[in-house]
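To keep things clear, I will list the structure first and then write my remarks on it.
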Amino acid sequence: MTRLGRAFGSLWSSTALSNLADGVLRVGAPLLAVSMTRSPTLVSLAGAAATAPWLLFALHAGAVADRADRRRVMALANAVRTAVLATGTLLAAMGLLNLWVLLAVVFAAGVSEVFADLSAQSVLPMTVSREDLTRANGRIVSAQTIGNDFVGGPVAGLLAALLPAALFGAPALLYGAAALLLTGMRGSYRAAPAGPRRRLRADIGEALRYLWSHRFLRSLALSAGLLNVSSAAYFAVFVLWAVGDGSRMGLEPGGYGLMMTALAAGAVLGSPLTGPATRLLGEQAVLVGAWLTSSLLLLVPVLVPSPWALYPVAVVWGVTGAAANVLVVSVRQRVIPGELLGRVNSAYRLVGMGGMPLGAALGGVAGEFFGLAAVLAGAAGLGLVAVGLVWRAMPGRISAALTSTPTLSDISRSP
């Protein structure tokens, strides 16, 4: 860790703690909701409250990340999350926590998460050299996976059984510690010197034009969006294919949990391997290979509905997903000019993640009318379309993009 510098060490430590808090809150909020209502629709609102801020505030958070000191935005966002969750803890301890208060707390924490995450992704290139971005992102993704998937969920389950109010209290303490760790990042992390103030809408519009005018980034965002629609549709119904006596695979719930553990283990394995793989094979081969492999493997549980095939496939899903994530984030950080990084990242993530609720809904509806196998196979096909889209835009463009940082006017004139 020290070879990447003190600033990165502070950022990594803060990220590790905040993602552990994210994992506890992500699992803990539905557990609290279930203790208040047995309505599936009302319980699902806890997940919606956590994800809705990305659709509502991503573009604004990106603009703020480009205007302000990114470290301070992260610290303030973590401090706000601490205050919000501490209030929720106090209300829970007093017996005043109900479903609507729960949703308000989760939504407010989600808004702060959008600002914190976009600033963190944009500040990373300011802490390490361009040559170290892939390695640094690999370590960040590993910390995120361990906190969110390996540790956060089990901790939430334990707290739910022993002290439910701590499902808010523990994340509050972790977010507070994450804010304090950021003091180790010395100096200014403002993208550009303060200049004449423009309207926020103008800043957001500039980022949207940049993303749409850059052929490779546009194709990358659209491909990521299609892949997320595919994944959301697939896993919205996959539990019905895999779990229960009437399912094709016949897994017990614990077996399904083991699959998720295998996927997380693959992600932890794949993150640090991305750097060596790209040096050996090149960015294009790793990205296309990871996405292509992941999409094709979606067909394995359909063709071979056996747990013995599922678990190794889940590990490979984790490896390829983490590798592609590390590489795509690193490429964006190298291609996009620093003064636009927060805004263009936010626009990219809006396109990339915005289709996930739609994909989940489509998967459920299509499963009702056409059957589960059709949804799973169709999701794999959509993933292959996404791979083809980015492959067509890729030849000769990653290497060119990595050697320059074009301005908005340059990109606007490109074919």
Side-chain angles (χ1 to χ4, degrees), residues 11-36 43-51 53 74 77-93 97 99 101-103 105-110 112-113 116-117 120 139-182 235 239 252-269 271 314-315 318 321-322:
L11 177 63
W12 183 89
S13 301
S14 176
T15 298
L17 289 185
S18 63
N19 276 274
L20 175 56
D22 289 344
V24 174
L25 190 59
R26 186 182 66 179
V27 176
L31 290 175
L32 285 174
V34 166
S35 70
M36 301 172 187
V43 170
S44 70
L45 291 178
T51 56
M74 295 165 56
N78 281 326
V80 169
R81 286 194 279 192
T82 297
V84 167
L85 291 171
T87 302
T89 303
L90 180 61
L91 292 174
L97 185 66
L99 180 64
V101 174
L102 167 67
L103 296 179
V105 170
V106 171
F107 180 82
S112 298
E113 178 188 15
D117 283 7
R139 294 185 177 183
I140 291 290
V141 170
S142 292
Q144 291 170 339
T145 303
I146 291 171
N148 275 300
D149 300 320
F150 274 130
V151 183
V155 168
L158 181 63
L159 293 177
L162 298 178
L163 186 61
L167 289 170
F168 282 163
L173 293 174
L174 290 168
Y175 287 131
L180 291 175
L181 283 170
L182 292 172
F235 285 103
V239 65
E252 296 294 331
Y256 193 81
L258 182 59
M259 182 206 73
M260 300 305 295
T261 300
L263 197 153
V268 173
L269 177 64
S271 299
V315 172

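- Considering CG of Asn19 and CG of Leu25, their distance stands at 12.0 Å, rounded to 0.5 Å.
- For Ala178, the side-chain contact (heavy atoms from CB on, under 4.5 Å) test picks out Ser14, Leu17, Ser18, Asn78, with sequence neighbours left out.
- In this structure, Thr82 and Ala172 approach most closely via the heavy-atom pair OG1-O, 3.2 Å.
- When all heavy atoms of Ala93 and Ala165 are compared, the closest pair comes out as N-CB, 4.4 Å.
- The shortest heavy-atom contact between Leu31 and Ala156 is CD1-O, 4.0 Å.
- Rounded to the nearest 0.5 Å, atoms CG (Leu174) and CG (Leu20) are 5.0 Å apart.
- Contact record, Ser112 with Arg81: CB-CG, 3.2 Å, taken as the closest heavy-atom pair.
- Listed by chain and number, the residues in a side-chain contact (heavy atoms from CB on, under 4.5 Å) with Val101 are Leu91, Leu97, Asn98, Val105 (sequence neighbours excluded).
- Qualifying salt bridge (charged side-chain N to carboxylate O under 4.0 Å, His left out) partners for Asp117, counting only residues two or more places apart in sequence or in other chains: none.
- Considering CZ of Phe168 and OG1 of Thr87, their distance stands at 10.5 Å, rounded to 0.5 Å.
- Nearest heavy-atom pair across Leu102 and Ala29 is CD2-O, 3.8 Å.
- Closest heavy-atom contact between Trp12 and Arg139: NE1-O, 3.1 Å.
- Asn148 and Asp22 are not linked by any side-chain donor-acceptor pair at a separation below 3.5 angstrom, with hydrogens and angles left out of the test.
- Considering CG of Leu181 and OG1 of Thr15, their distance stands at 10.0 Å, rounded to 0.5 Å.
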